[in-house]
Colleague: 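Before I ask anything, here is the structure I am working with.
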Amino acid sequence: EIGWLVGRHIGDKKLSAKLLREVESAPTLFLAMSRMIQKINTEATDIEIGIHRHRNDYFFYMHYPGMSGVPGYMTSQAYQISFFLGLIRHFLGQHWTPVQIGIESTVVPPMLDSYLPDCRILTKQPAGFIAVPISCAHRSVRQWDTKSGSAEYPLLPQESVVQTHGPNY
């Protein structure tokens with residue numbers, strides 16, 4: 001559970017202001033996540049991280065090949081999923097919850113139900129992932145209506161995207 005707790009309370013909050021501005025300045029969530037994944041892949045060559053289209057969703061996935069049995073791996077994966085969830089919430093709202101996530105663990109930590117209510121949690125997956133509906137992936141950072149306090153989600157034209165090959169879900 002420690003990875004989920006750390007990710008929930010720290011997550012993307014420790015990103016440098018410059019990197020956070022770069023992510024938030026992307027015209028869409030999809031492009032922001034693509035940029036972040038590209039940066040991570042440049043720095044960490046031992047992780048498989050990317051975007052996989054699965055039906056009407058994009059799976060933002062992460063996996064360290066050959067590491068699933070190493071002590072602390074599930075904690076690391078929990079933190080990574082929480083980190084990406086924080087980035088996604090910059091675009092979709094701080095209370096957005098994915099309909100589905102996948103974890104490699106065989107057990108769902110008890111606190112995960114309260115952290116991600118109404119989220120289907122799949123265990124024993126080939127990689128950790130967060131499912132984001134394609135319709136949400138092309139939204140820009142939400143713009144708040146300061147008078148009513150509600151958010152507007154401007155939709156941008158669908159970009160031509162290159163989809164990477166990910167684990168077989």
Side-chain angles (χ1 to χ4, degrees), residues 4 7-45 47-64 77-104 112 115-122 125-169:
W4 296 107
R8 181 178 184 178
H9 294 288
I10 296 174
D12 63 320
K13 296 168 189 73
K14 292 297 181 181
L15 284 178
S16 72
K18 179 183 175 195
L19 183 56
L20 189 56
R21 275 192 309 274
E22 186 178 327
V23 168
E24 289 182 333
S25 70
T28 66
L29 168 60
F30 184 89
L31 291 176
M33 294 296 284
S34 296
R35 286 179 187 171
M36 182 59 70
I37 288 166
Q38 184 178 30
K39 286 185 178 296
I40 292 169
N41 281 330
T42 300
E43 297 294 324
T45 57
I47 187 172
E48 289 179 3
I49 185 167
I51 303 168
H52 176 77
R53 185 172 180 165
H54 183 73
R55 299 186 182 125
N56 294 321
D57 296 318
Y58 285 123
F59 284 8
F60 294 99
Y61 69 88
M62 65 281 318
H63 171 72
Y64 284 94
Q77 186 174 79
Y79 174 76
Q80 292 165 10
I81 291 171
S82 295
F83 169 80
F84 280 106
L85 181 60
L87 289 178
I88 292 166
R89 286 178 169 169
H90 281 274
F91 288 80
L92 303 181
Q94 290 304 308
H95 300 290
W96 180 83
T97 299
V99 174
Q100 173 177 283
I101 67 165
I103 56 177
E104 292 178 66
L112 208 50
Y115 178 45
L116 296 172
D118 303 320
C119 178
R120 182 174 172 213
I121 302 164
L122 304 176
Q125 297 300 298
F129 68 85
I130 300 173
V132 176
I134 290 172
S135 62
C136 293
H138 297 287
R139 290 185 179 159
S140 65
V141 171
R142 62 191 195 156
Q143 299 171 346
W144 288 96
D145 176 344
T146 54
K147 292 179 183 166
S148 71
S150 66
E152 294 178 13
Y153 296 94
L155 292 176
L156 299 176
Q158 297 242 344
E159 294 88 1
S160 171
V161 295
V162 176
Q163 298 159 18
T164 60
H165 296 285
N168 187 15
Y169 296 98

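Heavy atoms only: backbone and side chains are in, while hydrogens, waters and symmetry mates are out.
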Colleague: Could you state the interatomic distance from OH (Y61) to CD1 (I81), rounded to the nearest 0.5 Å?
Modeller: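 Y61 atom OH to I81 atom CD1 measures 14.0 Å (nearest 0.5 Å).
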Colleague: Just how far is it from atom CG of L31 to atom OG of S25, taken to the nearest 0.5 Å?
Modeller: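 Reported to 0.5 Å precision, the distance equals 10.5 Å.
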Colleague: As an exercise, state the distance from CD1 of I130 to CD1 of I101, rounded to the nearest 0.5 Å.
Modeller: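 Rounded to the nearest 0.5 Å, the CD1-CD1 separation comes to 7.0 Å.
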Colleague: Angle class for the H54/F59 ring planes (parallel below 30°, perpendicular above 60°, tilted otherwise)?
Modeller: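 Tilted.
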Colleague: Looking at every non-hydrogen atom in both residues, tell me the closest pair between A32 and F91 and how far apart they are.
Modeller: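 Minimum heavy-atom contact is CB-CZ, 3.5 Å.
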Colleague: Would a 4.5 Å heavy-atom cut-off, applied to side chains only, mark R53 and I134 as touching?
Modeller: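 SC-SC contact between R53 and I134 confirmed.
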Colleague: With a 4.5 Å heavy-atom cut-off, do L122 and F129 have their side chains touching?
Modeller: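 Yes, side chains in contact.
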Colleague: At what distance, to the nearest 0.5 angstrom, does CD1 of I51 lie from CD1 of I37?
Modeller: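 The CD1 atom of I37 is 4.0 Å from CD1 of I51, to the nearest 0.5 Å.
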Colleague: Is there a side-chain contact between F84 and I49, using heavy atoms and a 4.5 Å cut-off?
Modeller: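 A side-chain contact under 4.5 Å exists here.
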Colleague: Donor-acceptor pair, distance only, cut-off 3.5 Å: does the side chain of Q80 make one with the backbone of M62?
Modeller: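 Judged by distance alone, no pair lies under 3.5 Å.
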Colleague: Do D57 and P133 have side chains that get closer than 4.5 Å, going by heavy atoms?
Modeller: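 They are in side-chain contact.
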Colleague: Could you check Q77, E48, E104 and say which one makes a side chain to side chain donor-acceptor pair (under 3.5 Å) with H63?
Modeller: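 So, applying the side chain to side chain donor-acceptor pair (under 3.5 Å) to H63 and each of Q77, E48, E104, only E104 qualifies.
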Colleague: Among all residues two or more places apart in sequence or in another chain, which pass the side chain to side chain contact (heavy atoms under 4.5 Å, CB included) test with T97?
Modeller: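 With sequence neighbours excluded, T97 shows a side chain to side chain contact (heavy atoms under 4.5 Å, CB included) to R89, L116, P117, C119, given in chain and number order.
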Colleague: Nearest 0.5 Å, please: how far is OG1 in T28 from NE2 in H138?
Modeller: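 That separation rounds to 6.5 Å.
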Colleague: What are the two closest heavy atoms between A131 and W96, and how far apart are they?
Modeller: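 Closest heavy-atom pair between A131 and W96: O-CH2, 3.9 Å.
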Colleague: Do L87 and F60 come close enough that some side-chain heavy atom pair is under 4.5 Å?
Modeller: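 Answer no - side chains too far apart.
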Colleague: Mind checking the CG-OH spacing from L85 to Y115? Nearest 0.5 Å is all I need.
Modeller: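 Answer rounded to 0.5 Å: 4.5 Å.
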